Amino acid sequence: FENMVKCPSCDKTVYPQEEIKIAGAQWHTWCCVCPGQDGEACGITLNLKNGKVHEKLVYCDKHVPRPKATTLESDVMMDHAKSVQNVKSQSKEDAGAVGAIHQNMREGDGKVVDGK
């Protein structure tokens, strides 16, 4: 009895017949409930099928913390979008430059070039 495991929720001994192993810990089956979020207590009893682990806590699917967009992430995406736009406009300019070079080459041959 010296190696008895304590439930992370109630801090009481967890016996094998009343345990659920989830989130790297052993819980009482009745203690493994969703804590909810932002003061909104959920209380749904969780198990291996419906429990979602986040930072060693177990949540229901509705309350598991989800990554939120950050300013840095938004800035990175905006920078990427701008760089793609710059590449597209640069390729249009290059196409125009190539057309002008070809026209100059044809004019240099003494051939009449149509302005189209």
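Just so it is clear, the model here is predicted, and its values are computed rather than measured.
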Check your understanding: Any link between I22 and I44 through a network of hydrophobic side chains (Ile, Leu, Val, Met, Phe, Trp, Tyr) touching at under 4.5 Å?
Key -> yes
Check your understanding: Is it the case that one hydrophobic cluster holds both L57 and V33, taking links as side-chain heavy atoms less than 4.5 Å apart, direct or via other members?
Key -> no
Check your understanding: Is the shortest heavy-atom distance from the side chain of T45 to the side chain of C32 under 4.5 Å?
Key -> no
Exercise for review: Could you check if a side-chain atom of C60 sits within less than 4.5 angstrom of a side-chain atom of L46, using non-hydrogen atoms only?
Suggested key: yes
Review point. Does any pair with a residue in residues 46-60 pass side chain to side chain donor-acceptor pair (under 3.5 Å), and if so which ones, sequence neighbours excluded?
Key: none
Point to revise | Pairs meeting criterion side chain to side chain donor-acceptor pair (under 3.5 Å) with involvement of residues 19-31, two or more places apart | key: E18-H28, E19-Q26
All N/O donor-acceptor pairs, side-chain side in residues 6-14, below 3.5 Å, sequence neighbours left out:
none

Point to revise | Test log, rule side chain to side chain contact (heavy atoms under 4.5 Å, CB included), inputs C34 and V58 | key: CA-CA 6 Å; C34 177; V58 188; over 6 Å; no
